[in-house]
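Take a look at the structure below.
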Amino acid sequence: MGCFFSRRRKPAQGGQQQQQQAAAPGAGQDAAAEEGKAPPQYSWDQRPKVDPKDYTFSGLKDETVGRLPGKVAGQQFIIQDCENCNIYILDHSAAVTIDDCVNCRIFLGPIKGSVFFRDCKDCKCIVACQQFRSRDCRKLEVFLCCATQPIIESSTGMKFGCFQYYYPELALQFKDAGLSIFNNTWSNIHDFTPVSGENNWGLLPENAVVQDYVPLPGSEELKGVRISTDATRSIIPITRGRRQKSSDESCLAVFFAGDYTTANARKLIDEMTGKGFQLVQTKEVSMKAEDAHRVFQQHASEFIPLLEKGPVVALEFNGDGAVEGCRSTVNDVFSGTKVFVSESKASASQDVDNFYNFADMQMGM
């Protein structure tokens, strides 16, 4: 019996054909059965076919469009040549390019790789990504979560704020994209093409209201997603970043890997900000024993055994009395949990510098 992909034989001529049929009765039925047999199935045939049109918005004007959770599922996405549109990618993706868009409002869910804005102007965006780049852009206002240092090139009038968004599927999308909610360098911008005497970028006002920049989706399809822009519900903790600190007193708190690390860190943030202290920055990073000696110094031996369980989560709080406030909160709320907390105002500044200098080197910042 031949392979399905082999060429069919030409039928025999004249008596030779009759002789073959006589010698092999039923051969015609066998051939017919062979022809009607389904082709073999291979694993790559089972993969869903990807239609690029499902992952592209192009040439739109005055429209509200989007993709619901689960509809992009880690694919690449392209947005191009759109004008005065509201665009919502409410899912995680591999990478996103945005070209030649004007006066658009854009939400991009977690991006495993890079987002690249090119030749865009007057756009307002909410973006979570591993890498952020812009080139030849003008007047972009971006609420950003970026795991690495954001880069702008040949771009002017750029404004940045801290990512602030929630919907129920977003936390899992961050995990699927391999992004930590605690690694956000939104305000640490690198300008590849600085101009002497000018500043091509700045920070959005502290009291900026996200919905004033990117409104909630108005289409019936997208309104079904339970979105909130309330800062207290944001998946990403709202940090001050590189804004000027209100006090010369900061405090470092470090949680070690365990079943409730993220929940504990969020709880301490809520407790401290509820008392009027400001969250400056956060970081999730793996540490080795030598790193612990550098950061925790005389207390290192107490925490080194905990480092094997996974990455640590560090929080910097700022405000008069931050050290005392943090230590008392940890003692009251996390009495059964190992947490490193700065001991005094005098040592806290060095604790913060030691940890974040280490973390920046570790992450190649």
Side-chain angles (χ1 to χ4, degrees), residues 50-67 72 74-163 165 177 179 184-204 208 210 212-215 217:
V50 175
D51 187 344
K53 295 194 299 295
D54 293 335
Y55 307 98
T56 303
F57 289 136
S58 181
L60 304 179
K61 185 174 182 179
D62 303 326
E63 294 191 42
T64 294
V65 294
R67 290 289 182 267
V72 178
Q75 297 289 336
Q76 297 186 32
F77 211 96
I78 296 172
I79 301 172
Q80 60 189 13
D81 300 310
C82 294
E83 182 180 350
N84 194 35
C85 290
N86 294 341
I87 299 171
Y88 305 86
I89 308 300
L90 300 168
D91 203 2
H92 68 101
S93 57
V96 179
T97 56
I98 304 175
D99 294 319
D100 299 290
C101 289
V102 178
N103 192 32
C104 290
R105 279 71 53 195
I106 302 171
F107 173 86
L108 300 177
I111 301 164
K112 186 173 186 177
S114 64
V115 58
F116 200 173
F117 288 83
R118 296 176 293 201
D119 299 290
C120 296
K121 63 180 182 180
D122 298 314
C123 291
K124 297 173 172 58
C125 312
I126 305 170
V127 179
C129 59
Q130 177 74 20
Q131 298 175 322
F132 177 95
R133 289 196 64 186
S134 73
R135 190 177 68 204
D136 299 314
C137 292
R138 182 164 60 86
K139 291 186 179 179
L140 299 191
E141 296 173 319
V142 186
F143 291 89
L144 180 63
C145 174
C146 188
T148 57
Q149 186 174 30
I151 294 172
I152 64 173
E153 179 181 356
S154 302
S155 299
T156 61
M158 308 288 287
K159 300 287 186 182
F160 295 91
C162 184
F163 182 101
Y165 220 71
L179 300 178
N184 186 8
T185 62
W186 66 270
S187 62
N188 185 21
I189 311 299
H190 178 69
D191 187 352
F192 258 141
T193 51
V195 178
S196 179
E198 298 181 18
N199 197 349
N200 293 322
W201 67 275
L203 302 182
L204 290 168
V210 172
D212 292 344
Y213 294 78
V214 181

Rounded at 0.5 Å granularity, tell me how far [atom1] in [X] sits from [atom2] in [Y].
X: Leu144; Y: Cys125; atom1: CG; atom2: SG; answer: 10.0 Å
X: Ile87; Y: Glu63; atom1: CD1; atom2: CD; answer: 9.0 Å
X: Ile126; Y: Cys162; atom1: CD1; atom2: SG; answer: 11.5 Å
X: Lys61; Y: Asn103; atom1: NZ; atom2: CG; answer: 10.5 Å
X: Asp91; Y: Tyr55; atom1: CG; atom2: OH; answer: 9.5 Å
X: Asp191; Y: Ser155; atom1: CG; atom2: OG; answer: 8.0 Å

Do Ile78 and Ser58 pass the side-chain contact (heavy atoms from CB on, under 4.5 Å) test, and can you show the C-alpha distance, the side-chain angles, and the key distance before you say yes or no?
-> CA-CA 8 Å; Ile78 296 172; Ser58 181; over 6 Å; no

Mind checking salt bridge (charged side-chain N to carboxylate O under 4.0 Å, His left out) for Glu153 and listing every partner two or more places apart, or none if nothing turns up?
-> Arg133

Residues at least two apart in sequence or cross-chain that pass salt bridge (charged side-chain N to carboxylate O under 4.0 Å, His left out) with Asp51, listed by chain then number, are Lys53

Is there a side-chain contact between [X] and [Y] (heavy atoms, below 4.5 Å)?
X: Ile89; Y: Val72; result: yes
X: Cys85; Y: Val65; result: no
X: Asn84; Y: Arg105; result: yes

Scan Trp186, Phe160, Trp201 and name whichever one has a ring pair (Phe, Tyr, Trp, His ring centres under 6.0 Å) with Phe132.
-> Phe160

Heavy atoms only: give me the nearest [X]-[Y] pair and the separation to one decimal.
X: Ala177; Y: His92; answer: CB-CB, 4.3 Å
X: Leu204; Y: Val142; answer: CD1-O, 4.1 Å
X: Phe77; Y: Asp54; answer: CE1-O, 3.8 Å
X: Lys124; Y: Tyr213; answer: CD-O, 3.4 Å
X: Ser134; Y: Met158; answer: OG-CE, 3.5 Å
X: Pro150; Y: Thr185; answer: CD-O, 3.4 Å

Would you find a donor on one side and an acceptor on the other, under 3.5 Å apart, between the side chain of Gln149 and the backbone of Asn188?
-> yes

For Gln130, does its backbone N or O pair with a side-chain atom of Thr148 as donor and acceptor, under 3.5 Å?
-> yes

So does Glu141 pair up with Lys159, basic N to acidic O under 4.0 Å?
-> no

Yes or no on side-chain contact (heavy atoms from CB on, under 4.5 Å) for Val214 and Phe143, after CA distance, side-chain angles and deciding distance?
-> CA-CA 10 Å; Val214 181; Phe143 291 89; 5.6 Å; no

Carefully, step by step, assess Phe163 and Val127 under the rule side-chain contact (heavy atoms from CB on, under 4.5 Å).
-> CA-CA 7 Å; Phe163 182 101; Val127 179; 5.8 Å; no

Tabulate below the donor-acceptor pairs under 3.5 Å that side-chain atoms of residues 107-122 make, not counting sequence neighbours, or state none.
residue: Arg118; atom: NE; partner: Asp99; partner atom: OD1; Å: 2.6
residue: Arg118; atom: NH2; partner: Asp99; partner atom: OD1; Å: 3.3
residue: Arg118; atom: NH2; partner: Asp99; partner atom: OD2; Å: 2.9

Between Cys101 and Ile79, is a side-chain contact (heavy atoms from CB on, under 4.5 Å) present by the stated rule, with each step listed?
-> CA-CA 8 Å; Cys101 289; Ile79 301 172; 3.8 Å; yes

